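The structure under discussion appears below in the form of structure tokens.
It should be emphasised that the depicted structure is a prediction, and the values quoted were computed from it without experimental measurement. Whatever order the structure lists them in is the order used to number ligands and atoms, beginning at 1.
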Amino acid sequence: MASVNNLLLIICFTFIFSPCISAASDSKGFSTNLFHIHSPSSPYKNAKAESLAEDTALKSTLSRHAYIRARQQKALQPADFVPPPPIPDRDMFLANLSIGNPPTNVYVVLDTGSDLFWIQCEPCNVCYKQKDPIYNRTKSYSYTEMTCDDSLCLSLGREGQCSDSGSCRYECAYADGSRTSGLLSYDKVAFTSHYSTEDKTAQVGFGCGLQNLNIITGYRDGGVLGLGPGQVSLVSQLSSIGKVSKSFAYCFGNVSDPNAGGFLVFGDDTYLNGDMTPMVIAEFYYINLLGIGLGLGEPRLDINSSSFERKPDGSGGVIIDSGSTLSVFVPEVYEVVRNAVVDKLRKGYNISPLEQTPNCFIGKIGRDLEFFPTMVLYLESTGILNDEWSIFLQRYDDLFCLGFTRGYGLNIIGTLAQQSYKFGFNLEQNTLSIESKPNCR
Ligand SMILES: *[C@@H]1O[C@H](CO)[C@@H](O)[C@H](O)[C@H]1NC(C)=O
Ligand SMILES: *[C@@H]1O[C@H](CO)[C@@H](O)[C@H](O)[C@H]1NC(C)=O
Ligand SMILES: *[C@@H]1O[C@H](CO)[C@@H](O)[C@H](O)[C@H]1NC(C)=O
Ligand SMILES: *[C@@H]1O[C@H](CO)[C@@H](O)[C@H](O)[C@H]1NC(C)=O
């Protein structure tokens, strides 16, 4: 397992140059169900527990944090990067799409931190082990390669070299040796609609991964579904071909429950209910966190709100991210929040931090933390309420740990804090709508 520090530096090139995008249609309701990676129907259900000794949630969150900061600092090139490969041995939700004609199911991770939708693609030079069948482009009648002058290819923004045959190539290499490269291509993607029995389809551009090396684990999910604001992202593509308005929403059910579901919806059927808070879109989705409280009706914790502000140089701020399990707070915020939580545990529950791993505690969340004070994330015009299942994460049978960690220079609201809420990202109005306790099914 590569260490977190040397993970991450990515070098990515796009070799560019265009078929026309398919004509607009009036169909609406592009959506799909999400399933828990350990659900009974998941091909990854037995993937758990290969590395219990490691805190994979913490590790993957920190590598994610480092990756996003590197992007913020422009140490990495934008748009065509994919995030560090998620570690499958953790609780998360995958989207179920199908691609091609005849269709192949693909299970992909949602990633609001990158734009490209890529999957492993046969015949490949190098593919890593994947639990479900790999998409075979030569079998699909609707597959076409993107040419180098395609606007999507150009949107990835680098001068490039084309392949000898004039097709658009992409390449992403991670410092730890993981990489994916291949051809930007078009094929028909079907959304197994969450709201109706009718599948919606669109011809979309995606990365057809021909050389995929994943040295972190032997296998993983089949790809990444980028939900960032860039032109190549699925939400931008579906809106630019007139299929949907430029918005999407997702809802993760109970992360600790393998039977929980969720959904991902694009465009008009997003039904953006709930309170709205402004969102700043700059590669990532930034929100205005104003303060944090522990206990409804309690005064806010003593935190200087400048710790949450995005600096003029683009650093800092608070992003909402679908690819981090834990939340991350800058050190001065982390200390205050952690101290408040530990204080409640000591006084109300007689639970103290472990000496060697001071972010962890002996006990069971369900059994030992009844009526734990609600954590409130105060946002502009609204807020997010977190109960004990979002403040903590059960790691082993009898050990639970904080659901947030510390990291310099950037705050992240992770999926643990997002569970059981529906988040609607409106990329036209720059708002995030937050609906509490929706039915995520
Ligand atoms: C994904 O969707 C397909 C087609 O609707 C279905 O057959 C399959 O069982 C689903 N997979 C999971 C893991 O839910
Ligand atoms: C992909 O499909 C082609 C055409 O049917 C077939 O010849 C080839 O063996 C398939 N490749 C893999 C790796 O399944
Ligand atoms: C989430 O799932 C866990 C594990 O199944 C369960 O014990 C807990 O009650 C659930 N939390 C909520 C809020 O439903
Ligand atoms: C908050 O932090 C900023 C920047 O570090 C500082 O200028 C300001 O004085 C602080 N405000 C308070 C009330 O401590």
Check whether more than 12 heavy atoms from other residues, nucleotides or ligands sit under 6.0 Å from atom CG of D302, and answer yes or no.
no

Nearest non-hydrogen protein atom, atom 11 (N) of ligand 3:
N254 ND2, 2.8 Å

With F329 as partner, the option from Y334, Y408, F308, F404 fulfilling ring pair (Phe, Tyr, Trp, His ring centres under 6.0 Å) is F404

The closest protein heavy-atom partner of atom 5 (O) of ligand 1 is T192 CG2, 3.6 Å

Flag: protein heavy atom within less than 4.0 Å of atom 9 (O) of ligand 4
no

Please write down residue, atom name and distance for the protein heavy atom closest to atom 4 (C) of ligand 3.
S256 O, 3.5 Å

May I ask you to check whether Y349 and F361 place their ring centers less than 6.0 Å from one another?
no

Short list, please: which atoms of ligand 1 are under 4.0 Å from a heavy atom of S41?
13 (C), 14 (O)

Flag the pair D321 and R64 as a salt bridge only when some basic side-chain nitrogen lies within less than 4.0 angstrom of an acidic carboxylate oxygen.
yes

Between C124 and C121, is the SG gap short of 2.5 Å?
no

Atom indices of ligand 1, in the order listed, that fall short of 4.0 Å to a heavy atom of N96
1 (C), 2 (O), 3 (C), 8 (C), 10 (C), 11 (N), 12 (C), 14 (O)

Proximity winner for atom 6 (C) of ligand 1, if only heavy atoms of T32, V106, N105 are counted:
N105

Between Y107 and ligand 1, is there a nitrogen or oxygen pair with a distance under 3.5 Å?
yes

For atom 13 (C) of ligand 4, decide whether some protein heavy-atom distance is shorter than 4.0 Å.
no

D187 vs S140 side-chain heavy atoms within contact, under 4.5 Å:
yes

Strictly below 4.0 Å, N to O, side chains only: are D343 and R338 in salt-bridge contact?
no

Quick check on atom 2 (O) of ligand 4 - does any protein heavy atom sit closer than 4.0 Å to it?
yes

